[in-house]
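Presented below is the structure to which this report refers.
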Amino acid sequence: MGYIGEMIINSKKLEAVDVISFDIFDTLLKRNVPNNSEIFNIIEKKSGVFGFAKKRIEAAHRAENKAINGEATYEEIYAQIDDISDEQRNELKQLELDVEKRYLQTNWDMKEVYDWCVTHNKKIIAVSDMYLSANVLNELLEENGFEVERIFVSCEEHENKRSGKLFDIVSKKINTKNVLHIGDSWKGDFFSPIMYGWKAIHYSAGKRGKNVLDCVIKNNCNKNYFRDLGFSVLGPILYAFSLWLNEKTRDMDTLLFFSRDGYIMKKAYEKISDKESSYVYVSRLSLTTATIWMHPQFEDIKQMMEFPNNFTLCYFVRKLGLDPQNISFERFHLDGTQTYEKNTFWNALEVKEFYNSIKEEVVLNSKKQYEWLFNYITPFLKGKVVGIVDIGWKATMQSKFLELLKANPVYKDCIVHGFYLGVEKQTADVEGFLYKSNQQTTFKTAIDAGYGVIETLFLAREGTVIKYSQNGPVQAEYEIKTKEEIKNLQAIHEGAMEFIDKMRILDFEKDIPDPQEVFCYFENLVYTPQMEDLRLLGGVGFNDLNDSTLISRHGLLNYMVLPKRFCSDYHNAPWKIGFLKSNICRWFPWGKVYKKVKIGYRKKNAKT
């Protein structure tokens with residue numbers, strides 16, 4: 001149960017009355033618009049009637065001036081709109097009702113209170129200052145899960161809540177003043193009913209969102225932490241990215257979503273587009289292994305693969321695509337578990353001799369991987385122009401994939417375009433939704449600060465591809481071990497899909513939101529995390545840190561004794577601000593400092 005609903009129910013005020021009265025708009029129902037007049041702007045855009053929004057507002061003022069006690073009906077308002085035909089007037093009236101229905105939704109705080117009233121057999125009515133009829137309001141309420149015994153509306157009773165006289169009329173019609181009214185207006189929903197003998201609870205509806213997207217987020221969260229995280233952070237990014245991708249990929253013959261980050265991206269894309277696409281099992285390791293035979297020299301391996309600062313010989317062998325258990329390290333007087341510093345490793349003569357001794361086996365395996373990869377991937381390749389979709393950053397897999405296609409006579413003429421959330425390249429064959437630059441953009445700065453967070457949000461519920469066999473891809477064990485973490489990740493993805501479904505209901509998908517409009521929620525999470533974020537999200541496992549979590553917690557005292565450990569842990573932290581807040585000082589504005597340092601560094605590099 002939400003905090004507000006629980007607070008109202010626990011106040012015991014509901015139990016003391018026979019009848020519960022609710023305000024409707026901003027109480028039982030919420031609008032997914034920043035202000036009420038935005039509905040008219042949407043109608044103007046959809047109808048193509050230039051100046052409709054202004055005419056509709058002016059018509060309401062004229063109708064109210066003519067109506068009894070200023071309470072005009074819907075029909076009286078539309079009768080005041082000039083310069084349109086009767087047919088167009090009727091179309092606009094229906095369009096406004098349709099738009100109103102789309103942009104209205106259940107207020108989940110009040111739904112909990114309403115459900116309590118139903119369970120406890122309370123008589124429920126609604127009282128509203130509104131130009132729509134009681135029949136229309138009843139339809140709107142029922143569509144959002146509310147059934148009330150009677151609706152009293154100002155335009156039909158010719159009195160309003162602001163004066164309080166509408167409450168007097170209601171009292172006479174229901175033959176009691178033992179009523180508790182709940183609404184968001186201090187005057188119309190609190191002081192006025194009290195003045196006429198009712199009890200009242202003021203409900204604070206809160207500030208509306210700054211735009212439609214923001215309203216949708218504010219009106220649909222506070223359910224479950226991880227579901228809300230998906231709805232408010234991942235959902236907006238996937239929604240806007242999918243719209244952008246749909247526009248960018250119209251000329252692609254083939255569209256491939258690369259595992260594993262591409263899994264949730266494809267799910268989102270399928271909700272936006274009916275264009276055929278495929279989810280393919282590839283990884284940086286599997287693609288690189290299949291190209292080794294083209295560049296088999298020891299120096300080539302150093303250039304074509306990424307290695308951590310410290311690693312073992314066993315790790316090196318696995319990167320080459322072989323199983324360390326099948327290698328006799330003792331024959332070369334080497335220890336497979338010995339840790340090497342990266343520069344030392346590449347300069348070690350014994351390591352080079354070791355590689356040359358197994359190179360033939362490495363090349364043979366690479367050629368097999370190449371063959372089996374194409375056995376798997378061929379059914380997905382349809383046409384010359386291939387689009388690939390992934391989360392992005394350096395587009396390494398695209399380069400490897402293209403190299404593999406060029407080596408195959410059947411696909412050597414293929415053109416590959418990459419579409420990414422962000423990409424650190426500026427070539428013509430890549431596109432980035434957030435950024436396409438090797439410079440330090442504001443988007444890239446935020447991702448650098450919380451790369452572990454965004455990768456966790458996108459992570460598919462399956463292991464990475466380590467190689468191919470005659471039967472297809474072979475995946476590693478899924479690195480998220482616990483059922484609880486799997487459940488939380490599933491909740492994140494379900495929340496994101498809920499957000500996209502909600503935005504599609506609003507018929508907003510023709511407009512691609514500005515990247516900053518959707519990315520700001522991720523920035524807020526990364527730069528200014530709340531205690532709940534640090535505790536729940538920070539505890540999620542992150543495999544890049546040897547089965548650690550997004551936030552390593554050793555504490556200030558530990559780091560005061562071991563400052564080198566602090567430097568190392570901070571450097572490797574997948575969520576840097578979360579790390580600093582959890583270990584050094586919770587209240588210090590680390591996010592602001594991080595951004596200023598990055599901006600200063602960017603300006604310094606630009607000058608040089």
Side-chain angles (χ1 to χ4, degrees), residues 238 241-242 244-294 321 365-421 423 428-433 458-476 478 493:
L238 285 175
F241 176 82
S242 298
W244 171 84
L245 183 65
N246 192 41
E247 289 292 322
K248 290 287 185 178
T249 57
R250 294 190 184 279
D251 299 327
M252 298 296 112
D253 298 322
T254 299
L255 189 60
L256 305 178
F257 287 80
F258 278 6
S259 63
R260 294 178 289 168
D261 299 323
Y263 176 81
I264 192 64
M265 300 171 88
K266 186 176 190 302
K267 289 292 183 184
Y269 180 74
E270 287 173 344
K271 290 182 175 290
I272 298 297
S273 175
D274 56 3
K275 180 179 174 65
E276 183 181 355
S277 62
S278 302
Y279 177 69
V280 293
Y281 287 92
V282 296
S283 69
R284 188 182 294 108
L285 174 63
S286 68
L287 294 179
T288 302
T289 303
T291 64
I292 290 177
W293 64 272
M294 305 178 207
N365 176 72
S366 178
K367 288 181 177 179
K368 281 185 179 179
Q369 289 301 304
Y370 173 83
E371 178 187 350
W372 290 337
L373 166 64
F374 275 98
N375 288 345
Y376 164 68
I377 206 78
T378 294
F380 300 110
L381 297 173
K382 302 171 183 178
K384 182 179 178 181
V385 185
V386 180
I388 63 171
V389 184
D390 199 3
I391 193 171
W393 319 144
K394 295 182 180 179
T396 307
M397 287 206 290
Q398 178 179 341
S399 300
K400 293 297 177 186
F401 188 65
L402 179 60
E403 185 178 6
L404 289 163
L405 292 177
K406 295 297 183 186
N408 189 311
V410 177
Y411 302 108
K412 63 183 178 63
D413 295 325
C414 281
I415 300 170
V416 177
H417 293 276
F419 301 93
Y420 304 99
L421 194 62
V423 60
D429 61 342
V430 297
E431 293 286 348
F433 172 63
F458 277 79
L459 184 63
R461 298 189 297 276
E462 57 190 0
T464 187
V465 178
I466 54 175
K467 62 179 181 180
Y468 298 94
S469 71
Q470 290 178 316
N471 298 320
V474 177
Q475 294 171 268
Y478 186 35
H493 288 180

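Basis for what follows: all heavy atoms, side chains included, without hydrogens, waters or symmetry-related copies. In this text the structure is predicted, and so the values were computed from the model without any measurement.
For the pair Leu421 and Phe241, the tightest heavy-atom approach, listed with the atom from each and the gap, is N-CE1, 3.8 Å. Shown here for Gly387 and Phe419, the closest heavy-atom pair between the two residues is CA-CE1, 4.0 Å. For the residue pair Tyr370 and Ala290, the shortest heavy atom distance occurs at CB-O, 3.7 Å. Between Gly383 and Cys414, the closest heavy-atom pair is O-SG, 4.1 Å. Summarising the geometry of Leu256 relative to Thr254, their closest heavy-atom pair is CD2-CG2, 3.5 Å, with the distance given to 0.1 Å. Residue Gln398 comes nearest to Val416 through the heavy atom pair NE2-O, 3.6 Å, listed as atom of the first residue, atom of the second, then distance.
In this view, Asn246 and Ser273 satisfy the side chain to side chain donor-acceptor pair (under 3.5 Å) rule, not counting sequence neighbours. A search for side chain to side chain contact (heavy atoms under 4.5 Å, CB included) contacts involving Ser366 returns Ile292, Trp293, not counting sequence neighbours.
A donor-acceptor pair is defined here as one N or O able to donate and one able to accept, closer than 3.5 Å; such a pair exists between the side chain of Ser259 and the backbone of Val282. One N or O on the side chain of Tyr376 and one on the backbone of Tyr281 form a donor-acceptor pair closer than 3.5 Å. The backbone N or O of Glu462 sits less than 3.5 Å from a side-chain atom of Arg260, completing a donor-acceptor pair. Judged by distance alone, with hydrogens and angles left aside, the side-chain atoms of Glu403 form no donor-acceptor pair with the main-chain N or O of Met294 at under 3.5 Å.
Note that CG of Asp261 is 7.5 Å distant from CZ of Phe458, once rounded to the nearest 0.5 Å. Interatomic distance, OG1 of Thr464 versus CG of Leu459, reported as 9.5 Å (0.5 Å rounding). Atoms CG and CG, from Asp429 and Leu402 in turn, are 7.5 Å apart once rounded to the nearest 0.5 Å. In this structure, CG on Leu255 lies 8.5 Å from NZ on Lys266, to the nearest 0.5 angstrom. Separation of atoms CE (Met397) and CG (Leu287) is listed at 6.5 Å; rounding is to 0.5 Å.
Each side chain to side chain donor-acceptor pair (under 3.5 Å) pair with one or both residues in residues 466-476, not counting sequence neighbours, appears once here: Ser286-Tyr468. Under the salt bridge (charged side-chain N to carboxylate O under 4.0 Å, His left out) criterion, the residue pairs touching residues 365-391 are Glu276-Lys382, with sequence neighbours excluded. For the salt bridge (charged side-chain N to carboxylate O under 4.0 Å, His left out) condition, the pairs that include at least one residue of residues 245-257, sequence neighbours left out, are Glu247-Arg250, Lys248-Glu431. Listed by first then second residue, pairs satisfying salt bridge (charged side-chain N to carboxylate O under 4.0 Å, His left out) with a partner in residues 406-416 number zero, not counting sequence neighbours.
With a 4.5 Å cut-off on side-chain heavy atoms, Val465 and Leu285 do not count as touching. Put simply, the side chain of Phe258 does not reach to within 4.5 Å of the side chain of Ile391, judged on heavy atoms. Side-chain contact between Leu373 and Leu404 is present, with at least one heavy-atom pair separated by less than 4.5 Å. Put simply, the side chain of Trp372 does not reach to within 4.5 Å of the side chain of Ile377, judged on heavy atoms. Side-chain contact between Tyr269 and Thr249 is present, with heavy atoms from C-beta onward closer than 4.5 Å. In this structure, Met252 and His417 have side chains that are in contact, with non-hydrogen atoms separated by less than 4.5 Å.
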In sequence, state the C-alpha distance, the side-chain angles, and the governing distance for Tyr420 and Trp393, and then conclude on side chain to side chain contact (heavy atoms under 4.5 Å, CB included).
-> CA-CA 8 Å; Tyr420 304 99; Trp393 319 144; over 6 Å; no

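Tyr263 and Phe257 have their aromatic ring centers separated by at least 6.0 angstrom.
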